[in-house]
Amino acid sequence: MSVLSGLIPKNVFTYFEEICGIPHGSGNTQQISDYCAAFAVSHGLRYRQEPCGNVIIWKDASPGCEDAPAVMLQGHMDMVAVRTDDCPLDLETEGIRPAVTDDGRWVYADGTSSGGDDGIAIACALAILADDTLKHPALEAVFTVDEEIRLLGAAALDASDLHSRILLNMDSEDDGIFLTSCAGGATVECILPVSREEKSGILYEWRVSGLRGGHSGTEIHLERANANLLFGRFLAQASEKAEFSVCDVSGGEKDNAIPNQCCATLLVPPSGTDAFEHAAAEFRETVCAEYATVEPDMDVALTSITDDSTINDCSQLHCAETSNPTAPTGTFDPASGTVLTLTETGKSGLTSLLEHLPSGIQRWMPEIPDMVQTSLNMGVLRMKEDAVSVTFSVRSASGTEKDWLIRRIRDLTELVGGHCVVNGVYPAWEYQSDSRIQAVMAETWEEITGEKPLLTGIHAGVECGILSEKLPGIDCISYGPQMDDIHTVRERLDVASVERNYELTVRVLAKLAE
């Protein structure tokens, strides 16, 4: 029995409920891909199904609209499939169970994420393709796989037979907020070779924790503390006031997440513990005061380690917040009472690297107020057997600025004897001041709601960046109905917002056909 049958637009929610019944988590999209291909066959539409699972469906322009430029309807087929611990569903083999709140306002799923991101875009596109009463230009519906895992479907898309000049990407989650640009990005790993030597002394664990962290794209503008940068600052400042060596360090979990913790094992000569502890206390007081507003729960702790088992555990950095499988093992030798530490040259190189490599906002976008154009995040800091690794997520809405920032990172790393490895590069979707689709969308939204929409960018990657690179000159916009708490079991989809955005799409297509 249909759960969503009473919702409007009926055809949209009919397709959405069918999509919900198909398992389609990222990396598990073959069934949803086959479903879209079968839709094309049943409606007599030309289509292409790619080896990776992407599906492209073509529909001719409605009568009299053949001369209008082709329009792409675009969304992704995969969802972030998460469930509660007590949910009995196997999301690899079973679909999700949509439900409607008692007041009829929201669609959610019982015990799982809702699939609204981005199943509702596919449902809207299928409803448009199935409706022969609508006025529209030639349509190219592009449904990609694995958007949620590094935009893999868009990157694999063969665009050689696509001719759209306008792209309607229905993968935004804020009603009345239209995206007009996005950042491109890359992952840059800085590798600094280091040597070690045996030393004896008093071991300490230095730890910064309690930071808010966050997404390095959408929350970088909040300028929260970066735990790895704080360690670099501690190294530089404390080294001027006390003698100590670095045994090990581990900070952050992912390059695209602002690191909320960093843990280091440090060795201090017995005669220098007072000076070292004083330098650490002074540093703690300074940074906690500086970040009191944005990081009220920050803690910078220094703990003396006295028993051998604790020394060995800490030197391998199995810290409370993180486990570092790449940390050097056997750094503590119980027989000799010595510990392997970085040489002074290695410590100096690490200090220079962490102190001088840029991080955070580099430039704001001149066309859009309060929008970050270029930034980078020092996300992961690891000590390996013979090297220190520092990994960045680099983002920019300008391709040339992104390339320049990567060059700066590489040059600074090479100055201290290291090198860089760049991967995961994806293009920016650059803002177009003369965009036709922005004007048509804004005008139509105001007709429907009586309110002006917000046109803005996003400092993260979306498929428009890759698609605009594959189809140079295409005029893009990204929008969609209101969704709250996406990628979680609390995810929900606003029913009235779906109706507004579907009406918006239908009206815009009619205008573009004229």
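In this chain, numbering begins with 1 at the start of the sequence shown.
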Item to complete: Apply side-chain contact (heavy atoms from CB on, under 4.5 Å) to Met383 and Val246, showing your working.
Response: CA-CA 10 Å; Met383 189 84 78; Val246 178; 3.8 Å; yes
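- Looking at Thr345 and Thr343, their side chains never bring a donor and an acceptor atom within 3.5 Å of each other.
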Item to complete: Show your reasoning for whether side-chain contact (heavy atoms from CB on, under 4.5 Å) applies to Ser172 and Ile177.
Response: CA-CA 8 Å; Ser172 189; Ile177 300 178; 5.7 Å; no
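- With contacts defined as side-chain heavy-atom distances shorter than 4.5 Å, the pair Ile409/Cys190 qualifies.
- Side-chain contact annotation: Glu189 with Ser389, donor-acceptor N/O pair under 3.5 Å present.
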Worksheet item: Can Asp174 and Gln482 be said to form a side-chain contact (heavy atoms from CB on, under 4.5 Å), step by step?
Response: CA-CA 5 Å; Asp174 295 297; Gln482 185 66 40; 3.9 Å; yes
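- For the salt bridge (Lys or Arg N to Asp or Glu O under 4.0 Å) condition, the pairs that include at least one residue of residues 387-403, sequence neighbours left out, are Arg363-Glu401.
- Two residues are said to be in side-chain contact when any heavy atoms from C-beta on lie closer than 4.5 Å; Leu467 and Leu157 meet this criterion.
- A side-chain donor-acceptor contact under 3.5 Å links Asn28 to the backbone of Glu92.
- Residues Glu463 and Ile466 fail the side-chain proximity criterion, which asks for heavy atoms closer than 4.5 Å.
- To the nearest 0.5 Å, atom OG1 of residue Thr303 and atom CD1 of residue Ile305 are 7.5 Å apart.
- Looking at Leu342 and Leu350, their side chains come closer than 4.5 Å, going by heavy atoms from C-beta outward.
- Thr341 OG1 to Leu203 CG: the interatomic distance, rounded to the nearest 0.5 Å, is 10.0 Å.
- One finds the CD1 atom of Ile96 at 4.0 Å from the SG atom of Cys20 (value rounded to the nearest 0.5 Å).
- Annotation for Lys470: atom NZ counts as buried by contact number, over 12 foreign heavy atoms lying within 6.0 Å.
- Atom OG1 in Thr187 sits 10.5 Å away from atom CG in Asn377 (nearest 0.5 Å).
- For Asp90, the side-chain hydrogen bond (donor to acceptor under 3.5 Å, both in side chains) criterion is met by Thr93, not counting sequence neighbours.
- Remark: Lys199 does not engage Glu243 in a salt bridge, criterion side-chain N to carboxylate O under 4.0 Å.
- For Ser435 and Asp475, the side-chain atoms include at least one donor-acceptor pair closer than 3.5 Å.
- Residue Gly95 comes nearest to Leu89 through the heavy atom pair O-CD1, 3.6 Å, listed as atom of the first residue, atom of the second, then distance.
- Rounding to the nearest 0.5 Å places CD1 of Ile258 at 13.0 Å from CE of Met378.
- Closest non-hydrogen pair, Pro270 versus Ile202, comes out as CA-CG1, 4.2 Å.
- For the pair Ser396/Leu405, no side-chain contact is recorded, criterion being any heavy-atom separation below 4.5 Å from C-beta on.
- For the residue pair Ser26 and Asp78, a side-chain donor N or O sits within less than 3.5 Å of a side-chain acceptor on the partner.
- Looking only at distances, no side-chain donor or acceptor of Arg212 sits under 3.5 Å from a matching main-chain atom of Met298.
- Remark: Ser181 OG to Gln432 CD distance equals 10.0 Å, nearest 0.5 Å.
- Legend: salt bridge (Lys or Arg N to Asp or Glu O under 4.0 Å) pairs involving residues 221-238, not counting sequence neighbours, sorted by first then second residue: Glu219-Arg224, Arg233-Glu290.
- Looking only at distances, no side-chain donor or acceptor of Thr391 sits under 3.5 Å from a matching main-chain atom of Gly379.
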Fill in: Test log, rule side-chain contact (heavy atoms from CB on, under 4.5 Å), inputs Leu168 and Ile477
CA-CA 6 Å; Leu168 303 180; Ile477 199 159; 3.9 Å; yes
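- In this model, a donor atom of one side chain and an acceptor atom of the other lie less than 3.5 Å apart for His487 and Asp117.
- Residue Gly53 comes nearest to Met77 through the heavy atom pair O-CE, 3.2 Å, listed as atom of the first residue, atom of the second, then distance.
- Between the Asn226 side chain and the Leu229 main chain, a donor and an acceptor come within less than 3.5 Å of each other.
- Between the side chain of His459 and the backbone N or O of Val372, at least one donor-acceptor pair lies under 3.5 Å.
- Under a 3.5 Å cut-off, the side chain of Ser113 and the backbone N or O of Val80 do form a donor-acceptor pair.
- When all heavy atoms of Leu412 and Pro358 are compared, the pair lying nearest together is CD1-CD, 3.9 Å.
- Panel note: side chain Thr101, backbone Trp106; a donor-acceptor pair is recorded below 3.5 Å.
- Residues Glu367 and Ser433 form no side-chain contact, since every pair of their non-hydrogen atoms from C-beta on lies 4.5 Å or further apart.
- With respect to Arg284 and Asp299, a salt bridge is recorded, a charged nitrogen being found less than 4.0 Å from a carboxylate O.
- Within 6.0 Å of CH2 in Trp404 there are 12 or fewer heavy atoms belonging to other residues, nucleotides or ligands.
- Across all non-hydrogen atoms, the minimal contact from Leu302 to Ala280 is CD2-CB, 3.6 Å.
- Looking at Thr144, its side chain never comes within 3.5 Å of a backbone N or O of Gly153 through a donor-acceptor pair.
- Environment of CD in Glu197: crowded, with over 12 heavy atoms of neighbouring residues, nucleotides or ligands closer than 6.0 Å.
- Taking both residues in full, the closest heavy atoms of Pro88 and Arg97 are given as CG-NH1, 4.3 Å, listed atom of the first, atom of the second, then distance.
- With Phe244 as the fixed residue, the ring pair (Phe, Tyr, Trp, His ring centres under 6.0 Å) test singles out one of Phe276, Tyr204, Trp206: Phe276.
- Atom CG of Asp370 has 12 or fewer heavy atoms from other residues, nucleotides or ligands within 6.0 Å.
- The backbone N or O of Ala225 sits less than 3.5 Å from a side-chain atom of Glu295, completing a donor-acceptor pair.
- The shortest side-chain heavy-atom distance between Val249 and Leu381 falls under the 4.5 Å cut-off.
- In summary, of the residues considered (Val394, Leu376, Asn256), a side-chain contact (heavy atoms from CB on, under 4.5 Å) with Ser216 occurs for Asn256 alone.
- No donor-acceptor pair under 3.5 Å is formed between the side chain of Glu491 and the backbone N or O of Met483.
- By the 4.5 Å heavy-atom criterion applied to side chains, Tyr479 and Met170 are counted as neighbours.
- Ring centroid separation for the pair Trp445 and Phe178 comes in under the 6.0 Å cut-off.
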